[in-house]
Amino acid sequence: MGLQFQFGIISDLHIAMPHTIWDSPNRFHLVEISQDALNSALEHFSQLDLDFVLLPGDLTQHGEADNHRWLAERLSQVPCPVYVVPGNHDIVQAEAADGRIGLAEFPKYYEKYGFNQDARPYYKQPLLPGVSLIGLNSIAFDKTGQQLPTGWLDNAQIQWLEETLANLSDDLTLVMIHHNVLEHLPGQAKSPLGQRYMLKNTDRLRSLLRGTSAKLILTGHLHVQDVVPRDRGDGLCEITTGSLVSYPHPYRVVSLSQQASGDWKLEIKSYRITATSEWADVQTRSRQWMGDRSYPFMIKLLTHHPFCLPAETAAQIAPDLREFWANITAGDTQFDLSAIPAHLHRYFEPFNVPVVEGKPQTIDNFATLYL
């Protein structure tokens, strides 16, 4: 046995101080409990012997300077190193405006959490002897300063990454990025709805990582608990973690141990926020919240590729699918297809977990895998 270590993951925490909260009638995530939920998760982490904590983006509600400031101060109280990367909600436009930070400001808020003094929004940091972290920025902007609708690594970052990977000497390198690099939903890369959660130049990134010690990718953004193991990821393993403020309000603890063979044993444990100071039953109330707001989302899903149903047909089916997205976000999905018309089963069946020799392969929340 070689090196052993463990770390925590909290993603898409969407921190919103009370005076900054704004509402949207269709949002699934509950920013109202963001501070309490984060405090609860960090309190749990403080009871564990963690080597570090990773936050894969969407740190704030919508890039508000006040929320970034609060979070940076709260993270200073964590008894182990914390590393972050930006999400699409953290830098909503290239330049600071209307109380929200811009791209240049983000590294300054998080200098203690991975970023170097050169002010680049990406970095490489040593974690432990033989283990390092590459934090990437997948948030990019057009010539007018508006955020691109999908993730993107610009040319300067790609060149930096090529040079960084060429000089890797670590036994294991973790890669943290907000947008998904691998598909976590059936047909995600081809779906207009799924594409926005993925890195557009994912093929380029994957080609750079392949064959290096950068075998494990940590992402967020999708608000879904899902794990793509190495055998389904073309040699790469990606863990995407659901949102702390959206059902089922998860966070994770990941343990890694180097085997005599040189492979790494990867153990994943997931936890959920069950109560806050104002919500005695977060799980029930949040699932109900998501179901109540699911109708517009399901209409959009059913009328787009691959379903492409007429609006009238979608309107008839959507009420029977109010629990669909909650089942997906929870991971290890095993939902009943009986309420869905038979001719649509072939579209929905792939959302269920794979079954091998009669056993569902439930690896999204608890798993032991190898890298």
Side-chain angles (χ1 to χ4, degrees), residues 12 24-29 58 87-89 138-140 142 146-153 177-206 217 219-228 232-234 236 238 240 242-243 246-247 290-291 293-355 364:
D12 295 76
S24 173
N26 296 324
R27 69 171 163 87
F28 287 161
H29 52 294
D58 275 2
N88 59 299
H89 279 270
S138 55
I139 314 306
D142 63 21
Q146 299 304 301
Q147 191 182 110
L148 298 180
T150 59
W152 182 258
L153 300 181
I177 182 172
H178 186 58
H179 287 78
N180 300 159
V181 177
L182 305 178
E183 285 188 305
H184 291 276
L185 297 175
Q188 185 179 353
K190 296 180 180 179
S191 164
L193 298 181
Q195 288 173 352
R196 64 184 289 238
Y197 296 98
M198 293 197 70
L199 186 71
K200 190 169 185 179
N201 51 348
T202 180
D203 289 346
R204 181 67 173 133
L205 176 58
R206 287 157 58 185
I217 307 170
T219 66
H221 194 31
L222 190 60
H223 289 206
V224 167
Q225 289 280 94
D226 193 76
V227 175
V228 178
R232 297 204 326 252
D234 193 20
L236 301 172
E238 181 169 317
T240 194
S243 171
S246 184
Y247 182 82
M290 184 172 285
R293 296 181 171 213
S294 67
Y295 183 81
F297 172 81
M298 291 310 305
I299 292 293
K300 187 179 294 185
L301 177 69
L302 293 169
T303 54
H304 283 73
H305 178 84
F307 306 100
C308 300
L309 297 178
E312 297 79 5
T313 305
Q316 294 173 354
I317 297 173
D320 294 327
L321 295 174
R322 61 175 282 121
E323 301 291 319
F324 174 78
W325 191 242
N327 290 331
I328 297 297
T329 60
D332 298 320
T333 309
Q334 301 177 69
F335 61 86
D336 184 3
L337 297 175
S338 62
I340 303 168
H343 68 283
L344 296 178
H345 284 195
R346 65 190 177 99
Y347 295 116
F348 283 95
E349 179 59 40
F351 286 92
N352 274 326
V353 297
V355 177
D364 294 335

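All values reported here derive from a predicted model rather than from experimental measurement. Nothing fancy with the numbering, it's 1 onward along the sequence.
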What distance do [X] atom [atom1] and [Y] atom [atom2] have between them, rounded to the nearest 0.5 Å?
X    : Y    : atom1 : atom2 : value
M198 : S191 : CE    : OG    : 11.0 Å
I217 : T202 : CD1   : OG1   : 7.5 Å
H29  : H89  : NE2   : NE2   : 5.0 Å

Can you give me the closest heavy-atom contact between [X] and [Y], atom names plus distance?
X    : Y    : value
Y247 : A330 : CE2-CB, 4.3 Å
Q147 : N88  : NE2-O, 2.9 Å
P296 : N26  : CG-OD1, 3.6 Å
D12  : S243 : O-OG, 2.7 Å
P350 : P186 : O-CG, 3.5 Å
T150 : R196 : CG2-CA, 3.9 Å

With sequence neighbours left out, what residues match [X] under side chain to side chain donor-acceptor pair (under 3.5 Å)?
X    : answer
N201 : none
S338 : D336
Q188 : N180
S138 : H179

**OP:** Give every residue pair that meets the salt bridge (Lys or Arg N to Asp or Glu O under 4.0 Å) criterion with at least one member in residues 301-325, sequence neighbours excluded.
**Re:** R287-E323, D292-R322
**OP:** Begin from the C-alpha positions of E183 and V228 and carry the test side-chain contact (heavy atoms from CB on, under 4.5 Å) through to its verdict.
**Re:** CA-CA 8 Å; E183 285 188 305; V228 178; over 6 Å; no
Subject >> Residues H184, V224; criterion side-chain contact (heavy atoms from CB on, under 4.5 Å); working and verdict >> reply: CA-CA 8 Å; H184 291 276; V224 167; 5.7 Å; no
Original post:
Would a 4.5 Å heavy-atom cut-off, applied to side chains only, mark L148 and K200 as touching?
Top reply: no
**OP:** State, yes or no, whether a side-chain contact exists between L199 and T219 at a heavy-atom distance under 4.5 Å.
**Re:** no
Output all residues satisfying side-chain contact (heavy atoms from CB on, under 4.5 Å) with [X], sequence neighbours left out; order by chain, then residue number.
X    : result
L344 : L309, I317, I340, P341, Y347, F348
P192 : H304, H305
T333 : N327, I328, F335, N352
P319 : Y295

Subject >> Worked verdict on L153 versus R204 for side-chain contact (heavy atoms from CB on, under 4.5 Å) >> reply: CA-CA 9 Å; L153 300 181; R204 181 67 173 133; over 6 Å; no
**OP:** Could you tell me whether the side chain of E238 and the main chain of G233 form a donor-acceptor pair under 3.5 Å?
**Re:** no
Original post:
Is there a donor-acceptor pair closer than 3.5 Å between any side-chain N or O of Q225 and the backbone N or O of T329?
Top reply: no
**OP:** Using the test salt bridge (charged side-chain N to carboxylate O under 4.0 Å, His left out), find all partners of R27 that sit at least two apart in sequence or belong to another chain.
**Re:** D23, E32
Subject >> Residues which pass ring-ring contact (aromatic ring centres under 6.0 Å, His included) with Y197, listed by chain and number, not counting sequence neighbours >> reply: H221
Subject >> F297: ring-ring contact (aromatic ring centres under 6.0 Å, His included) partners, not counting sequence neighbours >> reply: F28, W325
